[in-house]
Amino acid sequence: MEVVGFLASQFAYGRIEVMKRFLGNLFERMGASPAAFVKAGDWSAMDGLYYRFQKEEEIKGLLTAISKILNEYGSIGRMFETLYEEDTRRTIWRLRERLFRNDRDLIFFFPKPLKSNPLKRWNLFLRWMVRKDEIDRGLWDFMDTKDLMVPLDTHLFKIGTCLGWTKRKSPSWNAALDITKALRSFCPEDPLKYDFLLCHKVGISAGCTGRRKVECGEKCIILR
């Protein structure tokens, strides 16, 4: 489940229908046990596979990195726990230092230290692993839900701007901090319990533009 969740989160960009189609193809090629597939280290089943900006070579590189994590730590969770010091962003940066010598290797999946990067896809993965409900799996117990950061995408950024939760001009780590802080005021112990509702029900499904209009009060779940 960790391997599936990590791969799904790392390709969580672009149109949802296209992403789901790609992930279906990816997991079909990996077979019944994605973890066993990764540990085996044979990427021939990935020949010709690509998703938007990520070509076959980069996808195979990602699988190689996951394989290295599993062989060294036993699981992605164990790896994160080993490096975790109550700061998810620094943990991700520390992981990159452990895995890569070349600064250019797989920076899309394992970003270099950049204070403006909101780390949306990583924070989505962490939400799935730490929270536990009908959506999130809650496999990890070494992190607290109160320490999670929102996986900031354009939809949540527009909503946060509209509601005055952030005054930042673009999606960034600081904007994610602002919005997380606002959600924490409603639920200090689990601020991300609102994330799926906001992103999917308000942002994607309701087509929120981030610009408050008179008619918003009639249809917006938040403003009602």
Side-chain angles (χ1 to χ4, degrees), residues 1-14 16 18-43 45-46 49-84 87-100 105-112 117-133 135-143 145 147-153 176 192 195-196 199:
M1 292 177 69
E2 283 185 354
V3 171
V4 169
F6 185 70
L7 288 170
S9 69
Q10 292 306 307
F11 291 103
Y13 73 97
I16 293 179
V18 178
M19 178 192 72
K20 289 171 67 176
R21 189 160 56 245
F22 164 77
L23 290 175
N25 185 7
L26 172 66
F27 295 136
E28 183 178 359
R29 292 179 183 221
M30 296 179 79
S33 174
F37 175 86
V38 170
K39 288 180 180 179
D42 179 2
W43 315 135
M46 299 294 124
L49 185 65
Y50 68 93
Y51 177 68
R52 300 196 70 189
F53 310 118
Q54 277 65 55
K55 306 303 181 185
E56 172 191 322
E57 181 180 357
E58 194 169 1
I59 293 173
K60 291 180 178 180
L62 174 60
L63 294 174
T64 299
I66 300 174
S67 177
K68 185 176 181 179
I69 291 171
L70 296 186
N71 289 327
E72 183 173 349
Y73 294 95
S75 70
I76 299 175
R78 177 57 182 161
M79 170 274 300
F80 209 89
E81 182 179 13
T82 301
L83 302 178
Y84 182 60
D87 186 323
T88 56
R89 184 167 63 164
R90 290 190 180 279
T91 302
I92 295 167
W93 293 345
R94 196 174 297 122
L95 169 61
R96 175 169 187 84
E97 292 177 357
R98 291 284 187 93
L99 289 176
F100 306 106
D105 286 346
L106 295 183
I107 56 175
F108 181 80
F109 300 118
F110 299 89
K112 296 187 292 185
N117 190 339
L119 299 174
K120 174 249 182 175
R121 289 171 291 112
W122 267 93
N123 284 324
L124 179 62
F125 173 63
L126 295 178
R127 196 200 84 193
W128 289 342
M129 294 298 105
V130 177
R131 294 194 70 256
K132 189 173 181 61
D133 58 17
I135 298 172
D136 300 323
R137 299 297 85 198
L139 302 181
W140 298 354
D141 60 5
F142 59 88
M143 289 181 62
T145 54
D147 296 324
L148 294 172
M149 181 78 70
V150 294
L152 186 64
D153 62 1
L192 264 61
D195 178 58
F196 184 82
C199 181

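Being a predicted model, the structure only gives us computed values, none of them experimental.
Summarising the geometry, atom CE belonging to Met79 is positioned 10.5 Å from atom CZ belonging to Arg98; distances are rounded to the nearest 0.5 Å. Rounding to the nearest 0.5 angstrom, the gap separating the CD1 atom in Ile76 from the CG atom in Leu7 is 7.5 Å. Taking OG1 of Thr88 as the start and CG of Asp147 as the end, the distance is 8.5 Å to the nearest 0.5 Å. Taking CZ of Arg78 as the start and OH of Tyr73 as the end, the distance is 9.5 Å to the nearest 0.5 Å. How far CG of Leu139 is from NZ of Lys132: 7.0 Å, rounded to the nearest 0.5 Å. For the atom pair CZ (Phe37) and CE (Met46), the distance works out to 3.5 Å, reported to the nearest 0.5 Å.
A donor-acceptor contact shorter than 3.5 Å is absent between the side chain of Asn123 and the backbone of Leu152. Side-chain atoms of Ser67 do not come within 3.5 Å of backbone N or O of Leu63 as any donor-acceptor pair. Not one N or O on the side chain of Ser9 forms a donor-acceptor pair closer than 3.5 Å with the backbone of Trp122. Not a single donor-acceptor pair under 3.5 Å links the side chain of Arg131 to the backbone N or O of Asp136. The main-chain N or O of Phe110 is found under 3.5 Å from a side-chain atom of Arg96 such that the two form a donor-acceptor pair.
Every residue was checked against the salt bridge (Lys or Arg N to Asp or Glu O under 4.0 Å) condition with Glu58, not counting sequence neighbours, and none meets it. Legend: residues meeting ring pair (Phe, Tyr, Trp, His ring centres under 6.0 Å) with Phe108, ordered by chain and number and at least two apart, are Tyr13.
For the pair Leu23/Lys20, no side-chain contact is recorded, criterion being any heavy-atom separation below 4.5 Å from C-beta on. Between Phe6 and Ile69 the shortest side-chain heavy-atom distance does not fall below 4.5 Å. Residues Leu106 and Leu99 have side chains not in contact (no heavy-atom distance under 4.5 Å, counting atoms from C-beta outward). Counting heavy atoms from C-beta outward, Ile59 and Trp43 have side chains that stay 4.5 Å or more apart. Counting only heavy atoms from C-beta outward, the side chains of Leu26 and Tyr51 never approach each other to under 4.5 Å. For the pair Leu62 and Gln54, the minimum side-chain heavy-atom distance is 4.5 Å or more. Contact of the Met30 side chain with the Val4 side chain is not registered, since no non-hydrogen atoms from C-beta on lie closer than 4.5 Å. Side-chain contact between Val3 and Ser33: absent, with no pair of heavy atoms (C-beta onward) separated by less than 4.5 Å.
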Exercise. Would Glu97 and Arg94 satisfy salt bridge (Lys or Arg N to Asp or Glu O under 4.0 Å), going step by step from the backbone distance to the final call?
Worked result: CA-CA 5 Å; Glu97 292 177 357; Arg94 196 174 297 122; 5.9 Å; no
Problem set entry | Audit row: Phe80, Met129, side-chain contact (heavy atoms from CB on, under 4.5 Å) steps and yes/no | CA-CA 11 Å; Phe80 209 89; Met129 294 298 105; over 6 Å; no
Exercise. Could you go step by step and tell me if Phe109 and Phe11 meet the ring-ring contact (aromatic ring centres under 6.0 Å, His included) rule?
Worked result: CA-CA 9 Å; Phe109 300 118; Phe11 291 103; 5.4 Å; yes
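Salt bridge status for Glu57 with Lys60: absent, with no side-chain N to carboxylate O gap under 4.0 Å.
The one candidate from Leu119, Leu124, Leu126 that meets the side-chain contact (heavy atoms from CB on, under 4.5 Å) condition with Pro151 is Leu124.
The number of heavy atoms from other shown groups lying within 6.0 Å of CZ (Arg90) does not exceed 12. Within 6.0 Å of the CD atom in Glu56, the count of heavy atoms belonging to other residues, nucleotides or ligands exceeds 12.
Pro111 approaches Asn117 most closely through the heavy-atom pair CB-ND2, 3.6 Å. Of all heavy-atom pairs between Arg127 and Ile135, the closest is NH2-CG2, 3.5 Å.
By the 30° and 60° cut-offs, the orientation of the rings of Trp140 relative to Phe142 is parallel.
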